[in-house]
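Computed from heavy atoms alone, side chains included, the values below leave out hydrogens, waters and symmetry copies. What you see is a predicted model, and the numbers here were worked out from it, not measured in a lab.
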Amino acid sequence: MPAVRTLVDLLRGALIGVVEVIPGVSGGTVALLIGVYERLLESASALVRGIVRAVVDPVRGRGLAAARTHLAQVSWRVVLPVGIGMVLALVTAARVVEPLLEEHPATSRALFAGLIVASLVVPARMLGARWRVRDVALAVGAAATGFLLTGLPSATVDDPSPLAILGSAALAVCALVLPGVSGSFVLVTTGMYQPALAALNGGDLPTIALFMAGGVLGLAVFVHVLRWLLASHRRVTLAIMTGLMAGSLRALWPWQSDDRDLLAPSGDVAMVALWFVAGVVLVGAVLAVELVVVRRRAAAAAAESAETR
């Protein structure tokens, strides 16, 4: 039934939207688990190509035929309800997360750190069981770079520049390509996470428009570049990505000053540690479910292949 299918897609989008607010939990992973990942990625790519063609081709006197062809490849019956569900969930979840960050910064960062630590399994596992010396060297170098960059005082957190918003949003969209990488984590490490939450909660339409424009830019440029890197230089890309994620954990050390200086543990350390463990367990559960689903699909495909022989 079309109505039931639309409702299911709305719920799918809401689930993706909720987890995208939480740094460390990948919306791409959830999209993969609920069976819409490839369709959404292909539709997003076709949509961006169609928009670009619609803008560029008339100027060149080529008409809109190519744009219509690309837009026809978009699975609108899935994309529209999933997109609406994502937006509604993002706005709702942002209202819950922002007060937690302001009132409980140490425990919030501990939770997010636990989510990220567990998520490191994904790119590391995709690289393979055997890490070569070059892989380790690249990961260590990337980790050192991420550690240093996230330690720089952020002067644009309260009033980020339009260029910073565009760039951060464009990078965050790359999380759509690689399940296991969180777009919100990218915003955390670039200092744009809280401004994004504030814009959503405050109805700051110009800032929201900038984030959306950055997302379109990311889909149009960085996503294709990242897909090419994963296809042509997979080991190098995954090793660097793993290292950057590990090094950027510095931004989530629970005890730090306003200038991002690391401080010694203080206060209720046990509670902070508990929230860290909760983050690890949460992502671990998601990854466990993903493993079960993947194995079942592989077994079903093998059985179907055996029957056709």
Side-chain angles (χ1 to χ4, degrees), residues 1-48 50-51 71-100 112 115 119 168-170 172-188 192-193 195-205 207-220 223 282-283 285-287 289-290 293 297:
M1 297 176 63
V4 174
R5 189 180 301 113
T6 300
L7 179 60
V8 170
D9 288 333
L10 279 168
L11 293 175
R12 285 173 167 173
L15 185 59
I16 296 171
V18 167
V19 301
E20 271 300 326
V21 177
I22 305 174
V25 182
S26 169
T29 296
V30 173
L32 188 64
L33 291 175
I34 60 181
V36 296
Y37 174 73
E38 291 185 4
R39 186 173 297 181
L40 288 179
L41 188 59
E42 292 172 359
S43 293
S45 181
L47 177 60
V48 171
I51 293 174
L71 293 176
Q73 296 172 355
V74 178
S75 299
W76 294 107
R77 288 186 178 182
V78 175
V79 171
L80 287 178
V82 168
I84 292 172
M86 285 179 63
V87 171
L88 293 176
L90 277 170
V91 173
T92 303
R95 294 186 179 277
V96 176
V97 173
E98 188 179 22
L100 291 176
F112 294 162
L115 296 170
S119 297
S168 298
V173 168
C174 290
L176 289 173
V177 176
L178 189 63
V181 179
S182 167
S184 293
F185 177 59
V186 174
L187 295 179
V188 167
M192 292 296 117
Y193 183 64
L197 290 181
L200 284 173
N201 292 334
D204 186 349
L205 295 182
T207 302
I208 293 173
L210 280 173
F211 275 107
M212 293 178 64
V216 173
L217 176 64
L219 285 174
V223 166
L282 177 60
V283 174
V286 173
L287 294 178
V289 172
E290 178 191 13
V293 171
R297 288 177 180 173

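Closest approach of V173 to G215, counting heavy atoms only: CG2-CA, 3.3 Å. In plain terms, the two heavy atoms of A89 and A14 that are nearest each other are CB-O, 3.2 Å. Counting all heavy atoms, side chain and backbone alike, P81 lies closest to L10 at O-CD2, 3.2 Å. The two residues S43 and S75 make their nearest non-hydrogen contact at OG-N, 3.1 Å. The shortest non-hydrogen separation linking V74 to A46 is CG2-CB, 4.0 Å. In terms of heavy atoms, I16 sits closest to M86 at CG2-CE, 4.0 Å.
The side chain to side chain donor-acceptor pair (under 3.5 Å) pairs that include a residue from residues 195-204 are E98-N201, D204-T207, where partners are two or more places apart or lie in different chains.
For the side-chain contact (heavy atoms from CB on, under 4.5 Å) test, residues two or more places apart in sequence or in another chain that qualify with I51 are L47. With sequence neighbours left out, A196 forms a side-chain contact (heavy atoms from CB on, under 4.5 Å) with L187, F211.
Between atom CG of residue L197 and atom CG of residue L90 there is a gap of 9.5 Å, rounded to the nearest 0.5 Å. Note that CG of L210 and OG of S168 are 11.5 Å apart. Values are rounded to the nearest 0.5 Å. T6 OG1 to L11 CG: the interatomic distance, rounded to the nearest 0.5 Å, is 11.0 Å.
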